[in-house]
Amino acid sequence: MNAHMLNLLVIVIFVVSFDVQALSPHYYDHTCPQADHIVTNAVKKAMSNDQTVPAALLRMHFHDCFVRGCDGSVLLDSKGKNKAEKDGPPNISLHAFYVIDNAKKALEEQCPGIVSCADILSLAARDAVALSGGPTWAVPKGRKDGRISKAIETRQLPAPTFNISQLRQNFGQRGLSMHDLVALSGGHTLGFAHCSSFQNRLHKFNTQKEVDPTLNPSFAARLEGVCPAHNTVKNAGSNMDGTVTSFDNIYYKMLIQGKSLFSSDESLLAVPSTKKLVAKYANSNEEFERAFVKSMIKMSSISGNGNEVRLNCRRVR
């Protein structure tokens, strides 16, 4: 084999191996052209019965991608002595796994063994946003499903008590910038938070203050009413913003008013660069949507170690 042929072969091998890894919105165009549509229908149907589904799916996708990359590992059930991610402390309140199961079942009937659970979750998160009045986007596809899921690894998830330097490090380790952090935090426009996620701001905040002084006083008083110091109501908490089922920029407006729930939300106002972005998105829903889409595509492309297409999203093959 001459040198020219050898070089050509090396180039071909490189291109093929790169394409295997590359995600593309057109990944299923020939093998399962109805994939997007089937997932959207499953999300729509679930939403008609339960308005908390969109927030659940969006959060599920975040929690998948931040542990082992976007490989569907959050969907696996615990088995034997192995406690899976979904049973780790930050994930106990995750729900709506049945939506992914329903979408998978419909896809298996249409194009068996083709669409990964990781891709279904990424599509469902997009639909959760779009069907709540937010933007839509072409989801890059081609993820493979991972076989490992460990509850202990959910420690890697960013905590609601994180300060700005902890958030910077946590997002940076995943190739996400401070711009991505502020834009993706806007996902808090959907959903509900339990008292345990923000009680640190209401009781014994520090040695000088009982309540976080950055909280709007009347807002803090309302939260204290719902979340007393020795709260015994299991599901007590608060909506994340004033329009809990609409994907919009109200989260940023409330953040500026001192009406955010998490310390991690408030920390976005701690440095000039992120504070400026909060103001930008509070002033323009269009700017927020544009940034959110860009950052979601980036986050949902965090590489996982998946190597299969599960037939059941709760179990490895």
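All values below come from the heavy atoms of this structure, side chains included, with hydrogens, waters and symmetry mates left out.
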[X] [atom1] to [Y] [atom2] distance, which is reported to the nearest 0.5 Å:
X: Glu108; Y: Ile38; atom1: CD; atom2: CD1; result: 10.0 Å
X: Asp119; Y: Lys144; atom1: CG; atom2: NZ; result: 7.5 Å
X: Ser132; Y: Leu58; atom1: OG; atom2: CG; result: 8.5 Å
X: Thr40; Y: Leu123; atom1: OG1; atom2: CG; result: 7.0 Å

For [X] against [Y], the heavy-atom pair lying closest together:
X: Val211; Y: Ala220; value: CG1-CB, 3.9 Å
X: Ile114; Y: Thr31; value: CG2-OG1, 3.5 Å
X: Leu157; Y: Asn170; value: C-ND2, 4.1 Å
X: Ser185; Y: Tyr252; value: C-OH, 4.3 Å
X: Phe192; Y: Asn235; value: CZ-O, 3.5 Å
X: Asp145; Y: Ala118; value: OD1-N, 2.8 Å

Please indicate whether [X] has more than 12 foreign heavy atoms, meaning atoms of other residues, nucleotides or ligands, lying under 6.0 Å from its [atom1].
X: Asn305; atom1: CG; result: no
X: Lys298; atom1: NZ; result: yes
X: His179; atom1: NE2; result: no
X: Lys253; atom1: NZ; result: yes

query = Between Phe162 and Phe171, is the gap from one ring center to the other below 6.0 Å?
reply =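 When the ring centroids of Phe162 and Phe171 are compared, they turn out to be at least 6.0 Å apart.
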pair [X]-[Y]: side-chain heavy atoms closer than 4.5 Å:
X: Leu223; Y: Leu261; result: yes
X: Phe62; Y: Met299; result: yes
X: Ser284; Y: Asn249; result: no
X: His194; Y: Ser93; result: yes
X: Glu308; Y: Arg147; result: yes
X: Asn231; Y: Val226; result: no
X: Tyr28; Y: Ser116; result: yes
X: Lys294; Y: Asp180; result: no

ask   = Stepwise, does the side-chain contact (heavy atoms from CB on, under 4.5 Å) test hold for Met240 with Thr189?
value = CA-CA 6 Å; Met240 295 296 286; Thr189 180; over 6 Å; no
message = Under a 4.0 Å threshold between the charged nitrogen and the carboxylate oxygen, would Lys44 count as salt-bridged to Asp127?
response =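 So Asp127 does not pair with Lys44 through a salt bridge.
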inquiry  = Any salt bridge linking Arg290 with Glu286? Criterion: basic side-chain nitrogen under 4.0 Å from a carboxylate oxygen.
reply    =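 A salt bridge is absent here (no side-chain N lies under 4.0 Å from a carboxylate O).
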Distance only, no hydrogens: is a donor on one side chain within 3.5 Å (strictly under) of an acceptor on the other, for [X] and [Y]?
X: Glu289; Y: Asn285; value: yes
X: Ser267; Y: Asn163; value: no
X: Asp248; Y: Ser246; value: no
X: His188; Y: Asp265; value: yes
X: Ser263; Y: Asn200; value: yes
X: Ser301; Y: Arg143; value: no
X: Asn91; Y: Thr154; value: no
X: Thr245; Y: Gln51; value: no

ask   = Between Ile152 and Arg155, is a side-chain contact (heavy atoms from CB on, under 4.5 Å) present by the stated rule, with each step listed?
value = CA-CA 6 Å; Ile152 197 166; Arg155 289 176 183 173; 3.7 Å; yes
message = One pair to check against side-chain contact (heavy atoms from CB on, under 4.5 Å): Lys83 and Lys150. What are the steps and the verdict?
response = CA-CA 6 Å; Lys83 200 173 171 187; Lys150 296 182 181 294; over 6 Å; no
Following the transitive rule for hydrophobic clusters with a side-chain heavy-atom cut-off under 4.5 Å over Ile, Leu, Val, Met, Phe, Trp and Tyr, establish whether [X] and [Y] coincide in one cluster.
X: Met47; Y: Tyr98; value: yes
X: Leu277; Y: Met254; value: no
X: Tyr251; Y: Met178; value: yes
X: Val182; Y: Ile250; value: no

inquiry  = What verdict does the side-chain contact (heavy atoms from CB on, under 4.5 Å) test give for Arg174 and Gln156, after you've listed the backbone C-alpha separation in whole Å, the side-chain angles of each residue and the deciding distance to 0.1 Å?
reply    = CA-CA 11 Å; Arg174 291 157 180 81; Gln156 299 166 22; 3.4 Å; yes
query = Stepwise, does the side chain to side chain donor-acceptor pair (under 3.5 Å) test hold for Thr214 with Arg201?
reply = CA-CA 9 Å; Thr214 62; Arg201 302 183 75 193; 3.2 Å; yes
ask   = Looking at Phe97, is Lys86 sitting on its ring face, NZ or CZ under 6.0 Å from the six-membered ring centre and within 45 degrees of the normal?
value =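 Geometry flag: set, cation within 6.0 Å and 45°.
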